[in-house]
Amino acid sequence: MSLKDKDIISILDFTKEEILYILEISGKMEKEDRHGILSGKILANLFFEPSTRTRLSFEAAMKRLGGEVIGFDDLGTTSTVKGESLRDSVKIIEGYCDIIVLRHFLEGASRLTADSVNIPVINAGDGASQHPTQTFVDLYTIQKSKGEIENLSIGFLGDLKYGRTAHSLAYALAHFNADMYFISPPSLRMPKDYLEELELKKVSFQEVNSISEVSDKLDILYCTRIQKERFAEPVEYEKVRGLYKLSKSVMDELNVKDGLKILHPLPRVDEMDESLDSTEYAVYFQQAHSGVPVREALLASVLGVIQ
């Protein structure tokens, strides 16, 4: 299978076979030293929005494979502040690198970039839309922690309206016969168009307000932060702030299945207490660390050095 020159914009652009192929390559990347396979290649890391894990894991992945990294993580240091359009910026940067990783606060920015340049573009999160590379990291973590991806019951907890990682993961799990439970207040429900897409794919899902309604069914609980920065009105954020707070004591009181694992794309604020960190539920730090081998697999695949 070859993914050479493929843009990674939406998880919907990938077949089940392609997803499993990336997970397989990720496993090899984690076990084997592939240093030097991207020697001479340059990654442009363009982060128009703050990020720690995604930006640094892409940078670490590129350098571990022998490549170089250029880019920025501060919008104020770019020509955008002079009024340069995103299209002009990326067409110029295209001449400096072999691949672009873009994170942007506007939905559709990654697709616009991919349509504007002739090198591979990877969406590292655009607005509240999707975050496909995080989805590969999430699937890889699920596969490692549960031994499989098929036929699992997945709970999505928190900000499902603006949570792009939840959006992408729900789409991906539609390939794997998952039962999905969307746990959120009514104001942060999964957007209607995502639910309609899941209905078209004949995915079993249910929307509930409280984790206690479905905790006994879950194999995976995917917790997300309520994103203050996505709310147009601060008063709307205050209505839902701190609504969900997972802790060891909360989990002890819930009726949960043996082997339940909790994932979180991080960063966390107050939705997940540190008392959870040492429990058997927590795999979110392993999840963050998996970002490097998964992004190594993505970079090597679209740059055509692994086929």
Side-chain angles (χ1 to χ4, degrees), residues 10-12 107 125 127-132 134-135 138-139 141-142 146 149-233 235-247 250-251 253-257 259-266 268-272 276 281 284 287:
S10 166
I11 200 69
L12 287 176
E107 291 186 26
S129 182
Q130 289 205 45
H131 194 344
Q134 179 64 45
T135 299
D138 298 338
L139 293 172
T141 306
I142 292 171
K146 301 297 295 183
I149 307 177
E150 296 278 358
N151 303 313
L152 296 176
S153 293
I154 316 286
F156 296 79
L157 174 70
D159 180 358
L160 307 185
K161 179 179 180 180
Y162 301 111
R164 57 194 176 197
T165 60
H167 301 164
S168 293
L169 182 58
Y171 275 166
L173 286 168
H175 288 295
F176 297 97
N177 196 34
D179 291 324
M180 303 187 199
Y181 299 89
F182 299 123
I183 310 158
S184 72
S187 63
L188 294 178
R189 290 276 195 254
M190 187 73 92
K192 186 178 179 182
D193 53 336
Y194 287 89
L195 297 181
E196 289 175 346
E197 182 70 24
L198 295 179
E199 286 177 340
L200 286 174
K201 296 178 181 300
K202 301 188 184 306
V203 171
S204 169
F205 68 84
Q206 182 180 345
E207 295 183 284
V208 298
N209 295 322
S210 168
I211 186 175
S212 62
E213 298 177 57
V214 296
S215 61
D216 62 331
K217 300 178 173 62
L218 304 180
D219 299 296
I220 295 289
L221 177 59
Y222 192 85
C223 183
T224 64
R225 175 175 64 95
I226 295 179
Q227 303 172 85
K228 181 180 180 180
E229 68 273 20
R230 304 286 182 206
F231 287 76
E233 299 295 334
V235 66
E236 296 302 316
Y237 169 70
E238 292 300 328
K239 289 179 182 177
V240 295
R241 178 182 181 182
L243 198 59
Y244 299 110
K245 292 187 176 181
L246 294 181
S247 65
V250 167
M251 296 304 294
E253 293 175 4
L254 288 172
N255 179 23
V256 301
K257 290 175 71 172
L260 169 71
K261 300 300 180 188
I262 298 176
L263 278 71
H264 191 304
L266 301 175
R268 62 180 166 186
V269 181
D270 55 6
E271 68 279 5
M272 207 168 58
L276 271 176
Y281 305 119
Y284 33 86
Q287 179 186 2

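Index from 1, following the sequence. Please read all numbers here as calculations on a predicted model, not as lab measurements.
Looking at heavy atoms from C-beta onward, R268 lies in side-chain contact with Y284 at the 4.5 angstrom threshold. Side-chain contact between F156 and I154 is present, with heavy atoms from C-beta onward closer than 4.5 Å. With contacts defined as side-chain heavy-atom distances shorter than 4.5 Å, the pair I142/F176 does not qualify. Residues I183 and L221 have side chains in contact (heavy-atom distance under 4.5 Å, counting atoms from C-beta outward). The side-chain heavy atoms of L169 and I11, taken from C-beta on, include no pair separated by under 4.5 Å.
Heavy atoms of other residues, nucleotides or ligands lying less than 6.0 angstrom from CD of E196 number more than 12. The number of heavy atoms from other shown groups lying within 6.0 Å of NZ (K228) does not exceed 12.
Every residue two or more places apart in sequence or in another chain was checked for a ring pair (Phe, Tyr, Trp, His ring centres under 6.0 Å) with Y281, and none qualifies. Scored by the side-chain hydrogen bond (donor to acceptor under 3.5 Å, both in side chains) test, E236 finds K239 as partners (sequence neighbours excluded). For Y181, the ring pair (Phe, Tyr, Trp, His ring centres under 6.0 Å) test picks out no residue, with sequence neighbours left out. The side-chain hydrogen bond (donor to acceptor under 3.5 Å, both in side chains) search around Q287 returns D138, not counting sequence neighbours. Every residue two or more places apart in sequence or in another chain was checked for a ring pair (Phe, Tyr, Trp, His ring centres under 6.0 Å) with H264, and none qualifies. Partners of D216 by side-chain hydrogen bond (donor to acceptor under 3.5 Å, both in side chains), not counting sequence neighbours: none found. By the ring pair (Phe, Tyr, Trp, His ring centres under 6.0 Å) test, Y171 is found to be paired with Y194, residues two or more places apart in sequence or in another chain being considered. Among residues two or more places apart in sequence or in another chain, the salt bridge (charged side-chain N to carboxylate O under 4.0 Å, His left out) test is passed with E238 by R241. Scanning for side-chain hydrogen bond (donor to acceptor under 3.5 Å, both in side chains) contacts around N255 gives an empty result, with sequence neighbours left out. Checked against side chain to side chain contact (heavy atoms under 4.5 Å, CB included), L254 has the following partners two or more places apart in sequence or in another chain: I211, S212, S215, V250, M251, V256.
Atoms CG and CG, on D159 and L243 in that order, are 11.5 Å from each other to the nearest 0.5 Å. Expressed to the nearest 0.5 Å, how far CG of N209 lies from OG of S184 amounts to 7.0 Å. The line from CE of M180 to CG of L218 is 13.0 Å long, rounded to the nearest 0.5 Å. With rounding to the nearest 0.5 angstrom, the NZ atom of K261 is 8.5 Å from the CD1 atom of I220. Here the CG atom belonging to L266 is positioned 8.5 Å from the CD atom belonging to Q134, to the nearest 0.5 angstrom. A distance of 7.0 Å separates CG of L152 from NZ of K146, quoted to the nearest 0.5 Å.
For the residue pair A170 and M190, the shortest heavy atom distance occurs at CB-CE, 4.0 Å. The two atoms that bring C223 and P265 nearest to each other are O-CD, 3.3 Å, heavy atoms only. Residue S168 comes nearest to T135 through the heavy atom pair CB-OG1, 2.8 Å, listed as atom of the first residue, atom of the second, then distance. Counting all heavy atoms, side chain and backbone alike, D270 lies closest to G242 at OD2-CA, 3.8 Å. V203 approaches A178 most closely through the heavy-atom pair CG1-O, 3.9 Å.
Evaluation of the salt bridge (Lys or Arg N to Asp or Glu O under 4.0 Å) test over residues 201-213, restricted to residues two or more places apart or in two chains, returns R189-E207, E197-K201. Identified under the salt bridge (Lys or Arg N to Asp or Glu O under 4.0 Å) test for residues 162-178, with sequence neighbours left out: E49-R164.
Between the side chain of T224 and the main chain of L157, a donor-acceptor pair closer than 3.5 Å is present. In this structure, the side chain of Q206 does not engage the main chain of S204 through any donor-acceptor pair within 3.5 Å. A donor-acceptor pair under 3.5 Å is absent between the side-chain atoms of H167 and the main chain of Q130, judged by distance alone. Under the 3.5 Å distance criterion, the side-chain polar atoms of K217 are left unmatched by any main-chain donor or acceptor of G155. A side-chain donor-acceptor contact under 3.5 Å links Q227 to the backbone of Y162.
Using the six-membered ring where Trp is involved, F231 and Y237 have ring planes that are perpendicular, over 60° apart on the 30 and 60° scheme.
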query = Going through the distances and angles, do L160 and L188 end up as a side chain to side chain contact (heavy atoms under 4.5 Å, CB included)?
reply = CA-CA 6 Å; L160 307 185; L188 294 178; 5.7 Å; no

